[in-house]
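Letters go in sequence order (proteins before strands), and every chain restarts at 1.
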Amino acid sequence: MDFKSMEEKWQKYWAEQKVFEPEIDKNKQAFYIQAAYPYPIIAKYNMLKGKNVLMPMGWHVSGTPVIAAVEALQRGDEKTVKMFTERFHIPKEDLKYLTASPESFVEYMINKAKYGYKAGFKKLGLGIDWRRELKTIDEQYQRFIEWQYKKLYAKGYIRKGHYPVRYCPNCRNPVGDHDLSEGEGLGIQEFTLLKFRLQSGEYLVAATLRPETVFGQTNIWIRPDLEYVIIKVGKEEWVASKEFFEKFQHQKPGIEKIGTVKGSELIGKEVLAPGIERKIPVLPASFCDPKTGTGIVTSVPSDAPIDYIALRDLQNDEELMKKYHLDVEKIKAIEPIPIIKTPELGELAAIKVCEELKIKNQREEEKLEEAKKLVYKLGFHKGIMNENCGKYANMPVNKAKELVKKELIEKREATKFYELEGRVVCRCGTEVIVRVLENQWFVAYSDPKWKEEAKKTLGGMRIVPGLFRTQYENVFEWLEDKPCTRSKGLGTKFPWQKELVLEPLADSTIYMAYFTIAHLIKNVPAEKLEEEVFDYIFLNKGNVSKLAKKYGIDEKLLKEMRESFDYWYPLAYNASAIELIPNHMSFSIFQHTAIFPPEKRQLGTLNLGMVVLEGRKMSSSKGNVVLINDLCELLGSDFVRFFLMNFVEPWEEMNWQQREVEKGISRLKRFIEEIFSIAKNVSSGKLKLEKMDCVEKWFWSRINSKIKEYTQAMENIELRRALQAISFQLMKDLAWYNKRKMKTSKELNYYFVKNFALCIAPFMPHIAEELWHKIGNKESVFKAKLPEKLETDAKAEQGEELIMNIVADINQVKKLAKLEKPNKIVLYTASAWKYRLLELLQQKLSEPNVGEAIKIAMSDGKIKSKGNLAANVAKQLASKIIELKGKKEIDEFEVLKEAKPFLEKTFGCEVLIEKEEKTEYDPKGKAKNALPFKPAIYME
RNA sequence: GCAGGGGUACCGAAGUGGCCAAACGGACCAGACUCAAGAUCUGGUGGCUUAGUGCCUUCGGCGGUUCGAAUCCGCCCCCCUGCACCA
């Protein structure tokens, strides 16, 4: 069959008939969904349920990727050029369109590229309303985004503050992971910078991750051989390493170096320690690293293994103490101060761990590192502050940490200092530092009122699959203010600081509302789209006539836009990848909540799994991509669609394996072709149930139960389950029906083909449409409705099951008895009393209890009279009682009699159907083995 | 580290208290068809047994609850995703 021309034919037909260009229809319920696989399936399914379905498509081109690609092409980057010319099949002479400008790049990739995304989506037959297409750099769209941010600003949700970022001093730009050649994934740590005042007024500064341990400070460490710098910070003078000064410049503009001081000059002095207002000595240590923190370290021997060991080393080294003219007795008298208690390590964690690990001196760096991690971890999770910690006594460490930090900063005894978790290097080769951006704009997702309201919205939404709800709830809990502007990239200019651009996650949260009017607003000049205009369209504020006059926009058009938004909203599902739950998906719920009234938000979210290719992550930079266009070309779009859905449910990770798909396709194609051949022999007359034989009733019942299963699965967005029910499972039933049937019913054929076409339509629209018309329909299959009330015939299904089991059992016995070709097969159905016994057991026995079963059997006089056999049967039935639950008696004798010709044909010999108690032919005494639903078998 | 999701036979993957030695698909093996290959069909794929059976071992590990656990509870190990300026 020529599936390819079938695709073209129906795509043309749909376009002509405007099947996927919905107009407002008040008689139909609106169903609005976003377009990305697999929504088209859900969209089409809802059409078949009689809803008016809108599915638009847009292009999110904000941010840096487009710019980066254009720049790479401009400088002729080989890899990038190769990617575009080979992977995306772009002719070399067309590259000039890509390098001309980001806008030209976008235009070309969307509309001109033969293998571009749009072409691919069209090829897949997605059914998108292209009239509503938008790009995030469209002028009108940008006006809409401006409006959005003005609404947020008015509510106080746009705020300004500082923000630490990873920053390349050479490129003069913040850097993300993809900009790095080393240190991907390393984050920013927030250190507390403690200030220790010298008698002379200057401060020695030390960075720590454990501000709560200030209560255990006994001294501070400094490297005698190192030259420190003196820095002017406001009115204060700080002493720290040169490396620190260089880094801190980016976090505190305006500081300057005003001198230097040798570490050894500071040894032996006393400083006033922050948080405890006690004087402690400055002592020498070799482990202070100028590159880490400030090169000065505060010493808490109770909870920092290195401090403890260094202190002990010093106390044992009188010569060293004398060298620096230290008071030996005083130093020796220093003792760790217990401050934190954990069940595992007691009150002096560092000492305990050093002893356990048998750390001898400062040179055992690896062991010290291990000890530090252990103490830190336990202390943080299980530690409780003790009575030496003043008002923080009895507080868990993880809580005290924040409070102590806050207090120290408020008392100006400390400040914040940001440090990278490790060495991070930009692609340009420069080492990355942390810079604090002063004028960073934020969206205040931390706002308690907003959070509350957003949680309410979430509470009323449908999350598919449901198991992700807790994740959303957690995200909502910890979501903090999110920076929303940046200096580089495509996108909308930030209204209050035009040199900044709204970043990509900021302009993609309520665009769904824009789609409802995208086709109408296209020709309205952007400059007319002032705040009030959108206020009217989306919030129904103001007077239309006045607005129309004031801005020179057609009043009818304004009303139409208003009506369109009102009709299509709320959105049925917002859908995106699972990894976007912590940002895009949650932001979208927040922003809908902030801007729109409760009845115009979102009804649900659909969370989709990743697609991996042959077991590896898809990545265009690594060349591990496959274009949907190429796939459709090769396999046919209906088949691509089918297998995209067939592997896993939408939210699970899908591994596209070409070989497996190709194998599966041939089977599927045969099935489809078989259905087409059935479609040649149909009659649309009504089914006459009373005239159908057992097999036909069975097939009819199976079709109905599969449609039921399909419908149920579709409602739960279990697309794979739905698809399998209607394809592979039905395929099996069809095969059995073909084998079993005694005559052909055109009506039943019609019933089968019609329902198959309907159910498969969301998945394989072209094939469905072809089938639909083949059996005589004149309108699009998408104008039809799925059947709703479906009956099944339990007796027919049980009867056929009996035949299937008998066939399997006969084969089994044949094999075991080593009878290649039996001459005669005799089947004996069970006596009435056995059914009677089964009924009793079904009523009285809830678990497979043999003793109880025999008791029940013997309580009935008639059954009891059968003696040993009765006990035996009771035993066998009891062990299968759960399996037999709910099975009702059928007339096995009649069923088998009807199937007799079939059985004789199948096994190529005479088949006798006998009743256990009436049989005259039972040479081996097999008849007594008969059980309900399990006739006895004898063969020779 | 924190949060969320997982670990099932050779592989992918169903299965949430007894119909489970575990659906379905792939791979593999045997048989049928064929000159042959491919395609297709039939059967098989934990072990031992057997006229359609029965028993033993198995669902990341270890313990527990239960007459009964892949499924429920506790602890542990491993994998995936996200953790914010990357869309």
Side-chain angles (χ1 to χ4, degrees), chain A residues 60-66 68 163 165-166 173-180 184-185 187-188 373 376-377 380-381 437 440 442 445 465 467-475 477-489 503-506 508 576-584 586-587 607 609-610 612 615 617 646-649 651-655 657 659-661 663-664 666-667 670 720-721 724 728-729 732 735 805-819 846-849 876 879-887 924 926 929 934-939:
Chain A
H60 190 226
V61 296
S62 305
T64 47
V66 168
Y163 191 65
V165 291
R166 290 187 296 185
N173 244 324
V175 288
D177 266 349
H178 61 287
D179 300 315
L180 305 178
E184 287 103 322
I188 295 168
K373 279 190 181 147
Y376 188 99
K377 199 169 140 184
F380 184 76
H381 291 286
L437 302 178
Q440 178 64 55
F442 295 88
Y445 293 119
L467 52 92
F468 287 123
R469 183 176 292 279
T470 42
Q471 199 181 337
Y472 274 98
E473 284 166 354
N474 280 313
V475 168
E477 214 49 65
W478 62 250
L479 207 57
E480 285 175 38
D481 293 355
K482 162 85 181 157
C484 62
T485 55
R486 46 193 305 195
S487 45
K488 204 180 161 187
E503 61 91 37
L505 280 166
S508 58
S576 202
I578 289 162
E579 54 264 44
L580 263 43
I581 292 174
N583 46 52
H584 166 256
S586 293
F587 296 168
N607 303 280
M610 277 204 309
V612 298
K617 227 176 165 168
N646 183 246
F647 287 127
V648 289
E649 295 295 357
W651 48 87
E652 292 167 335
E653 177 176 293
M654 190 194 59
N655 186 6
Q657 285 170 292
R659 218 173 91 81
E660 228 174 286
V661 170
K663 282 245 166 188
S666 67
R667 219 156 74 93
R670 254 180 294 124
R720 171 180 134 107
R721 191 159 80 87
Q724 297 214 325
F728 291 116
Q729 289 178 28
K732 272 199 165 158
N805 287 338
I806 273 289
V807 170
D809 286 349
I810 291 174
N811 276 324
Q812 182 83 240
V813 173
K814 243 169 75 182
K815 210 168 34 183
L816 290 170
K818 300 203 170 64
L819 278 168
S846 57
E847 54 185 60
N849 182 334
Q876 289 191 55
S879 65
K880 294 201 168 104
I881 195 71
I882 284 149
E883 188 179 340
L884 292 166
K885 198 166 27 182
K887 279 208 172 179
K924 287 242 169 116
K926 294 283 178 194
N929 293 343
K934 201 161 185 67
I937 300 168
Y938 167 72
M939 64 175 74

>> Go nucleotide by nucleotide along RNA chain B from the 5' end; which of Gly63(A) and Phe728(A) gets its closest nucleotide reached first?
In response: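 So the residue in question is Phe728(A).
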
> Of Pro65(A) and Asp481(A), whose nearest nucleotide on RNA chain B comes first from the 5' end?
Replying inline: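 Result: Asp481(A).
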
> Arg721(A) side chain N/O closer than 4.0 Å to the phosphate oxygens (OP1, OP2) of G15(B)?
Replying inline: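 So the side chain of Arg721(A) is outside the cut-off, no N or O lying under 4.0 Å from OP1 or OP2 of G15(B).
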
> Below 4.0 angstrom from OP1 or OP2 of A3(B), is there any side-chain N or O of Thr470(A)?
Replying inline: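 No, no such contact exists.
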
>> Does any part of the side chain of Glu503(A), heavy atoms only, come nearer than 4.5 Å to the side chain of Thr485(A), both counted from C-beta?
In response: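 A side-chain contact under 4.5 Å is absent here.
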
Any strand is fair game: report the nucleotide pairing with [N] by Watson-Crick or G-U wobble, both distances under 3.5 Å, or none.
{"N": "A27(B)", "result": "U45(B)"}
{"N": "A51(B)", "result": "none"}
{"N": "G17(B)", "result": "none"}
{"N": "C59(B)", "result": "none"}
{"N": "A84(B)", "result": "none"}
{"N": "U40(B)", "result": "A32(B)"}

May I ask you to say what [X] touches in the nucleic acid, namely base, sugar-phosphate or nothing, with a heavy-atom cut-off under 4.0 Å?
{"X": "His60(A)", "value": "sugar-phosphate"}
{"X": "Gln729(A)", "value": "nothing"}
{"X": "Thr64(A)", "value": "sugar-phosphate"}

> Of the nucleotides A23(B), U81(B), C86(B), which has the atom closest to the Arg486(A) side chain?
Replying inline: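 Nearest listed nucleotide: C86(B).
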
> Where the side chain of Leu479(A) is concerned, which of A84(B), A87(B), G4(B) is the nearest nucleotide?
Replying inline: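 It is A84(B).
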
d([atom1], [X]; [atom2], [N]) in whole Å:
{"X": "Phe587(A)", "N": "A87(B)", "atom1": "CZ", "atom2": "C1'", "result": "12 Å"}
{"X": "Gln724(A)", "N": "A23(B)", "atom1": "CD", "atom2": "P", "result": "14 Å"}
{"X": "Glu652(A)", "N": "G5(B)", "atom1": "CD", "atom2": "P", "result": "14 Å"}
{"X": "Asn474(A)", "N": "A84(B)", "atom1": "CG", "atom2": "P", "result": "16 Å"}
{"X": "Glu579(A)", "N": "A3(B)", "atom1": "CD", "atom2": "P", "result": "20 Å"}
{"X": "Phe468(A)", "N": "A3(B)", "atom1": "CZ", "atom2": "P", "result": "17 Å"}
{"X": "Arg166(A)", "N": "C83(B)", "atom1": "CZ", "atom2": "P", "result": "11 Å"}
{"X": "Leu505(A)", "N": "C83(B)", "atom1": "CG", "atom2": "C1'", "result": "14 Å"}

> Using a distance-only test with no angle check, is there a side-chain donor-acceptor pair under 3.5 angstrom linking Tyr472(A) and Asn607(A)?
Replying inline: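 Judged by distance alone, the side chains do pair up.
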
>> Counting primed atoms plus P, OP1 and OP2 as sugar-phosphate and everything else as base, spell out the protein contacts along nucleotides 39-54 of chain B at 4.0 Å heavy-atom distance: B, S or - for each nucleotide, 5' to 3'.
In response: -SS-S------BBBS-

>> Determine whether a donor-acceptor pair (N or O, by modelled atom type, separation under 3.5 Å) exists between the side chain of Glu649(A) and the backbone of Arg721(A).
In response: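 Confirmed, Glu649(A) side chain pairs with Arg721(A) backbone.
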
